[in-house]
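In listed order, ligands and their atoms are each counted from 1. Computed from a prediction, not measured in an experiment: that's the story for all the values here.
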Amino acid sequence: MKGTVLYEVQENVAILTVDNPPVNPLSDGVRTGLYECITNAEDDDSIDAVVLTGNGRAFIAGADISEFGGNVEGISLNDVFKKLEFCKKPIVAAINGIALGGGLETALCCNYRIASKTAFVGLPEVNLGLLPGGGGTQRLPRLAGPAEALKMMLTGSHVSAKQALDLGIIDNIAEDIVTESIEFIKEKAKSTEIHPKVRDFNEKMIEARGNDTVLLEAQAMAAKGRKGQFAPGQIIKCVEAAINIDDFDEGLKKEGDYFLECLVHPQREAMIHIFFGERAASKISDVPKDTKIMDIKKAGIIGSGTMGGGIAMCFANAGIPVHIIDQDQENLDRGISVIEKNYDFMVNRGRLTSEQKESIFGSISTGLDYKDLSDCDIVIEAVYENLELKHEIFKSLDEIVKEGAILASNTSGLDIDSIASVTNRPELVVGTHFFSPANIMRLLEVVRGKQTSDETLATVMAIGKKLRKAAVVSLNAPGFIGNRMLFRYTAQANMLLLEGALPHQVDQALESFGLNMGPFRMMDLVGLDLGWRARKLSGKESPLHAKIGDELCEQNRYGQKSKAGYYNYSEGSRAPNPAPENEKTYEKISCENGFTRREISDEEIVDRCILALINEGADILSEGVAQRAADIDVVYINGYGFPIWRGGPMHHANAMGLDKVIEKLEKYREITGNDVYKPSDMLLKLAKEGGKLGEAPNKTERKEKLDFAMSSVANNF
Ligand code: 3H9
């Protein structure tokens with residue numbers, strides 16, 4: 001059995017300590033331990049009261065997520081909760097740290113709750129495609145009121161001890177959590193007052209009855225922030241039951257029914273796949289666990305543009321002082337004022353206090369002289385994509401920055417080995433591909449060059465965690481993981497346009513599938529002119545899929561920046577408006593290239609774009625560029641707007657069944673004659689074995705990695 005509960009007695013108080021490192025989830029051993037320890041305390045006449053706390057940095061991080069979807073052994077969580085709630089002795093939850101999901105629900109079954117200053121609580125089950133199924137949907141609204149409870153449950157956000165106190169979720173904050181909790185419960189045990197149970201607090205429920213506003217607002221919040229997800233609607237139904245049903249146990253039963261529907265829903269499996277995928281991504285199979293992590297006390301950034309500024313904010317937010325260098329003062333002034341505006345915005349939104357802003361913003365310095373970077377532990381170059389320029393910068397950095405410091409390039413696709421080759425420390429050179437805006441987007445691709453050392457890689461992964469990024473390792477290969485897949489995907493979207501579909505049709509079909517933004521809206525946002533200019537410079541003929549975009553550029557339609565691209569944009573707005581004037585261009589280019597435009601169904605649009613992603617992803621895996629399929633999913637969800645509830649393109653393929661994937665690939669290969677749909681060898685092999693996309697093959701079985709010099713992807717980024 002996993003986990004246990006320690007039992008200790010101090011001054012007639014039983015102290016129950018949940019012990020299941022590192023974060024004390026409610027695994028079978030903990031459930032059994034809790035049940036038995038409460039029974040012991042009840043049966044022991046010398047015990048007057050109980051303190052329940054957790055070992056280490058967590059109180060309880062929730063139900064054991066690894067148990068969902070399998071056979072749950074031992075005592076059920078709800079039996080434990082019943083035991084706690086109806087314990088004959090008063091119980092206080094001494095919330096010493098993290099109390100999430102089933103952890104907060106445990107505390108809500110106690111008579112009293114005290115938290116340490118640094119503790120935080122929340123019901124984040126929605127992030128796993130679940131709802132708080134241990135009474136949380138019934139008890140939290142009784143304490144915090146339905147509006148605040150819904151906000152917490154629909155966003156999954158964490159609430160500090162101070163906020164929890166203000167919301168009425170806890171009764172007090174303590175400096176010395178266990179000692180003060182013992183004193184507190186001893187006093188309570190002496191008094192004759194009835195020890196409260198949250199189930200009996202009906203006031204806020206009765207108050208909310210007959211007024212739909214709270215529920216309607218919750219529905220609007222879910223529609224905006226959790227598009228396509230199943231669990232939010234279930235959570236709202238649970239709170240509706242809490243408000244309208246007098247009998248608490250009947251409300252609990254409803255919650256149980258709605259929870260089960262979430263549990264068996266495919267979204268639950270997909271979202272838990274991503275929860276574990278994000279954590280697995282930080283484990284690098286051939287880098288020993290005990291690899292030394294370097295101490296990063298100061299960071300340097302080259303370039304104060306959007307990327308450089310965003311990256312600087314990430315470091316400053318994580319408490320690491322950062323120095324930004326640019327080539328002229330005007331750029332620096334502009335860059336730093338954008339950063340300050342971002343922080344002011346956060347202050348205005350109540351996300352930071354003015355004091356916090358002063359301290360964080362104050363840790364960012366700027367200058368023009370590379371010498372000021374000499375004492376940095378890591379320097380990240382974030383200038384525009386030009387290999388010669390990057391070579392120059394790395395040569396200078398290598399001379400100036402202290403020995404042993406990491407030099408990183410924020411390239412989205414250039415050859416890290418080539419950049420490393422101009423330095424005398426290739427083992428300390430790595431790619432750190434942040435996504436724009438870097439202070440908001442969670443994805444960080446960490447690009448491992450041929451000579452990047454284990455220590456450098458492990459340190460950069462640790463920095464990624466500190467910066468709260470979803471960090472994924474990619475081998476150094478054209479487009480790395482994400483942009484290589486994106487290239488295939490947008491190329492197919494463009495082929496659909498050439499064959500007869502229209503941009504808004506393609507966008508709508510893929511947005512209905514769950515993508516945040518359709519490919520043509522995205523291309524307009526990024527700018528059609530980047531690829532066009534690169535192709536013009538190369539003097540080569542545009543590939544078929546780029547023909548329409550290039551023709552639009554010839555008409556000065558570069559996308560949002562010129563207020564016209566695949567769509568039209570009005571001044572000051574990013575909302576896409578139809579551009580019927582483009583249709584004659586589409587017809588002309590289709591005709592010139594031998595296509596007879598045809599009706600294309602939404603199903604074909606989605607299939608072709610998503611299959612292109614899957615097939616390329618399988619190649620990336622078979623080359624070992626990504627360590628495992630889940631890494632690819634983490635990349636695509638956090639950097640490219642793929643819906644988390646579908647678990648990423650690789651999980652989506654596994655869920656569909658690889659046989660089915662191959663069948664569809666063959667079908668579209670026949671229809672289009674395009675080799676993009678030639679099933680990847682890895683898919684064929686796995687389908688034959690009845691396997692699933694999982695780990696990359698070991699080094700000897702890998703397909704040869706794409707070469708920068710040979711790749712069309714590299715020429716486009
Ligand atoms: C629930 O409670 C349902 C109930 O309402 C009702 C049921 C009837 N279970 O993230 P970290 C592992 S649903 C199992 O790197 P951090 C994690 O995989 C649950 N394992 O640390 C990792 O393992 P490894 C609701 C868990 O400090 C290790 O612990 N609760 C669980 O950055 C360290 O994790 C949640 O959704 C778990 N519950 O962040 C909370 N939690 O080392 C989910 C963690 O092998 N957890 N692990 O890779 C979190 O949000 C973060 O882990 C936490 C710590 C903030 C706690």
Novice: Arg279 to ligand 1: N or O pair under 3.5 Å?
Specialist: yes

Novice: Please work out which of Gly133, Pro124, Gly135 has its closest non-hydrogen atom nearest to atom 36 (O) of ligand 1.
Specialist: Pro124

Novice: In the protein, which heavy atom is nearest to atom 8 (C) of ligand 1, and how far is it?
Specialist: Phe259 CZ, 3.8 Å

Novice: Quick check: does His158 get an N/O under 3.5 Å from an N/O on ligand 1?
Specialist: no

Novice: If you measure every N/O of Arg57 against every N/O of ligand 1, is any gap under 3.5 Å?
Specialist: yes

Novice: Kindly confirm or rule out an N or O of Ala63 lying under 3.5 angstrom from an N or O of ligand 1.
Specialist: yes

Novice: Nearest protein heavy atom to atom 5 (O) of ligand 1, by residue and atom, and its distance?
Specialist: Glu125 OE2, 2.5 Å

Novice: Would you mind running through ligand 1 and noting each atom that sits below 4.0 Å from a heavy atom of Lys465?
Specialist: 11 (P), 15 (O), 16 (P), 21 (O), 32 (O)

Novice: Considering heavy atoms of the protein only, find what lies nearest to atom 4 (C) of ligand 1 and give residue, atom and distance to 0.1 Å.
Specialist: Glu105 OE1, 3.3 Å

Novice: Between His433 and Asn410, do the side chains contain a donor N or O and an acceptor N or O under 3.5 Å apart?
Specialist: no

Novice: For ligand 1, which is the ligand I care about here, please tell me if Ile65 has any N or O atom under 3.5 Å from one of the ligand's N or O atoms.
Specialist: yes

Novice: Got a sec: does the CD of Glu269 have more than 12 other heavy atoms crowding it under 6.0 Å?
Specialist: no

Novice: Got an N/O contact under 3.5 Å between Ala61 and ligand 1?
Specialist: yes

Novice: Could Arg646 and Phe642 be counted as a cation-pi pair, given that NZ or CZ must be under 6.0 Å from the ring centre and within 45° of the axis?
Specialist: no

Novice: How far is atom 45 (O) of ligand 1 from the closest protein heavy atom, and which atom is that?
Specialist: Lys283 NZ, 3.8 Å

Novice: Would you check if there is a donor-acceptor pair between the side chains of Ser76 and Asn78 at a distance under 3.5 Å?
Specialist: no

Novice: Are a donor atom and an acceptor atom from the side chains of Glu85 and Asn111 found within less than 3.5 Å of each other?
Specialist: no

Novice: Under a 3.5 Å cutoff, is there a donor and acceptor pairing between the side chains of Thr39 and Glu36?
Specialist: no

Novice: Have a look at Ser282, Pro22, Gly256 and point out the one with the heavy atom closest to atom 28 (C) of ligand 1.
Specialist: Pro22

Novice: When you measure from atom 29 (O) of ligand 1 to every protein heavy atom, which one gives the shortest distance, and what is it?
Specialist: Val23 CG2, 3.6 Å

Novice: Could you say whether the N/O atoms of Leu128 and ligand 1 ever approach to under 3.5 Å?
Specialist: no

Novice: Evaluate the 4.0 Å heavy atom contact test for atom 38 (N) of ligand 1: does a protein atom fall under the cut-off?
Specialist: yes

Novice: Verify whether one side chain among Ser474 and Glu445 offers a donor that lies under 3.5 Å from an acceptor in the other.
Specialist: no

Novice: Taking atom types as modelled, is there a side-chain donor on Gln627 or Glu695 under 3.5 Å from an acceptor on the other?
Specialist: no

Novice: Verify whether one side chain among Asn40 and Tyr35 offers a donor that lies under 3.5 Å from an acceptor in the other.
Specialist: no

Novice: Among all the protein's non-hydrogen atoms, which is closest to atom 55 (C) of ligand 1, and how far away is it?
Specialist: Leu100 CD1, 3.9 Å

Novice: For Arg142 and Asn202, which I'm curious about, is there any donor-acceptor pair between the side chains at under 3.5 Å?
Specialist: yes

